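This one's a predicted model, so the numbers in the text were calculated from it and none came from an experiment.
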2 protein chains.
Amino acid sequence: MFKKVLLAEDFQGGNHGIVEVLREKLHIEELQEELYCDKALTRLKVALKNHVPYELLITDLLFVADHIDRKLTSGIELIKASRALQPTLKVIVNSMEDNPVKINTLFKEQKINAYVCKSRHGLTELVNAIQEVYHNRTFVSPQINLNVADNVFELDGFDMMILKDLADGLTKKEISEKLKQQKITPNSESTIDKKVSRLFDEFGAKNTHHLIAKLVRGGKI
Amino acid sequence: MFKKVLLAEDFQGGNHGIVEVLREKLHIEELQEELYCDKALTRLKVALKNHVPYELLITDLLFVADHIDRKLTSGIELIKASRALQPTLKVIVNSMEDNPVKINTLFKEQKINAYVCKSRHGLTELVNAIQEVYHNRTFVSPQINLNVADNVFELDGFDMMILKDLADGLTKKEISEKLKQQKITPNSESTIDKKVSRLFDEFGAKNTHHLIAKLVRGGKI
DNA sequence: AAATCCCTTGCAGATTTCTGTAAGGGATTG
DNA sequence: CAATCCCTTACAGAAATCTGCAAGGGATTT
């Protein structure tokens, strides 16, 4: 899991449980929160200079103005500035915005790694998103109809067949026998084991229960 | 996947890419299209007589009249006639109708296996529906508010906790330890085993994989 | 031709799941 | 009080999952 994460969160956002939840659910050693874009950028700069750079930036989009002067006034500016000095930095945007077109633009132009909508399940989704991004995948809150990210997770026909059968309650032995009967190859139990285990890594699942839950939620199976 | 599928589609419907998309996405060996109910029924008859019956019928509801005389004038009549001669035939209805009550009636009286609304995502949904029906499940386009199939089995808070943790990839031993830590009782692995096994019966699940898939699909967890 | 890589398969073992039996405690009922 | 029921728990054994290691084959590269 990520060791060093920076959270830039408009302090008016209210969601101040984020840090605690993330600390508890994931095991991130260093997780700092900043309420202003400028301060967040400074932190990134210092960390980079000291050769202990942040690995992930989680940022809001909207930062409401207050009495403090500021240069960076939005999450997009923060992302641009951050990527300018640390191009490999991974970025998750966590905001209220739910316009697919705008979110799509974030992926296209800012190359963000995930977008999580602030909603009832926003925190759970954020945890998922971090895990996905850690495994070099993208993530978008399911309620966002972003047909751009539809093909992000490619499951070939063989994977699909196995997963659907597992979700239907078949054991791997039964799936193996079924494949042999249909003269489909590969069909050994061992290979099925391997295929599924590989999917654990790809989707950041701990076991088959977890994998099935994730894929069904994502509408993949 | 289905080997032999018949598509009855009002030719005014316009959606003539259906056949190509289905052929490409799924791997159906024989996929024929008919523009008239009567011709579709004839095809079913002939196939059955030659001992190579169709496995799935996908039909529209509304077939607009033109110069050709016809006996069957709607999808419902086609379904009734088809089922009369081949009761095991699976049926997916693909139409513009979006009245939940009418769609509900199709499930109740015609025992159709899936209903897909013709809409922007209709084709994608149709692909999903075919896969679901192939696995002996039903499917309804998500935009249809069909709270009919509510087998209201009560899940109490304790069941929910266990199920969510399982779906999150925790083992029963881990759940047991977590409960002990939180001083929640009961908390033994044995009791958790029993609780989950009881849910197998209630929800007709073969094992935990199956149960999780069902409950996530049903939006329970 | 040899080396290399990738995929498939078998096998072994540790862990987990699933099912059944049995024992004990608390609450209810006769 | 005794009988009964229900819930919790322990335990045991069979089946299934999960993770390694190793062997073999086919395709590609050197």
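Atom CG in B:L211 sits about 18 Å away from atom P in D:dA16, given to the nearest Å. With rounding to whole Å, B:D159 atom CG is found 12 Å from D:dC7 atom P. Taking atom CD1 of B:I184 as the reference point, atom C1' of D:dT8 lies 16 Å away to the nearest angstrom. Atom CD1 in B:I162 sits roughly 13 Å away from atom C1' in D:dT8 (whole-Å rounding). The interatomic distance linking A:H210 (NE2) with D:dT17 (C1') rounds to 17 Å, in whole Å. When rounded to the nearest whole Å, the span between CZ of B:R198 and C1' of C:dT19 equals 16 Å. For the pair B:N187 CG and D:dT9 C1', the interatomic distance rounds to 10 Å; values are reported in whole Å.
Salt-bridge check for B:D60 with B:K118: passed, with a basic side-chain N closer than 4.0 Å to an acidic carboxylate O.
A:N128 places a side-chain heavy atom less than 4.5 Å from the side chain of A:Q131.
B:K195 has a side-chain polar atom (N or O) that falls below the 4.0 Å cut-off from OP1 or OP2 of D:dT8. Contact annotation: A:S197 reaches the phosphate of D:dT19 (side-chain N/O to OP1 or OP2, under 4.0 Å).
By the 6.0 Å and 45° rule, B:K4 stacks over the aromatic ring of B:Y54.
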Check: protein-nucleotides 20-23 of chain D nitrogen or oxygen pairs below 3.5 Å:
from   : atom 1 : to     : atom 2 : distance (Å)
D:dG20 : O6     : A:K194 : NZ     : 2.3

Check nucleotides 14-17 of chain C against the protein and report each pair of N or O atoms closer than 3.5 Å, with its distance, or say if there are none.
from   : atom 1 : to     : atom 2 : distance (Å)
C:dT16 : OP2    : B:K173 : NZ     : 3.3
C:dT17 : OP2    : B:K172 : N      : 3.3

Exercise. Give the C-alpha distance, both sets of side-chain angles, the deciding distance and a yes or no for salt bridge (Lys or Arg N to Asp or Glu O under 4.0 Å) between B:E202 and B:R198.
Key: CA-CA 6 Å; B:E202 285 192 8; B:R198 212 183 102 264; 2.7 Å; yes
Exercise. Apply salt bridge (Lys or Arg N to Asp or Glu O under 4.0 Å) to the pair B:K206 and A:D168, showing each step before the final yes or no.
Key: CA-CA 8 Å; B:K206 295 197 190 84; A:D168 274 347; over 6 Å; no
Quiz item: Would B:I58 and B:L6 satisfy side chain to side chain contact (heavy atoms under 4.5 Å, CB included), going step by step from the backbone distance to the final call?
Solution: CA-CA 6 Å; B:I58 304 171; B:L6 183 59; over 6 Å; no
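Applying the 6.0 Å contact sphere to NZ of A:K180 captures more than 12 heavy atoms from other residues, nucleotides or ligands. Other residues, nucleotides and ligands contribute over 12 non-hydrogen atoms within 6.0 Å of the CD atom of B:Q182.
None of A:M160, A:E174, A:K178, A:K172 except one satisfies the side chain to side chain contact (heavy atoms under 4.5 Å, CB included) rule with A:D165; the exception is A:K178.
Residues B:T191 and A:V196 both approach DNA chain D. Their nearest nucleotides, taken by heavy-atom distance, put B:T191 toward the 5′ side.
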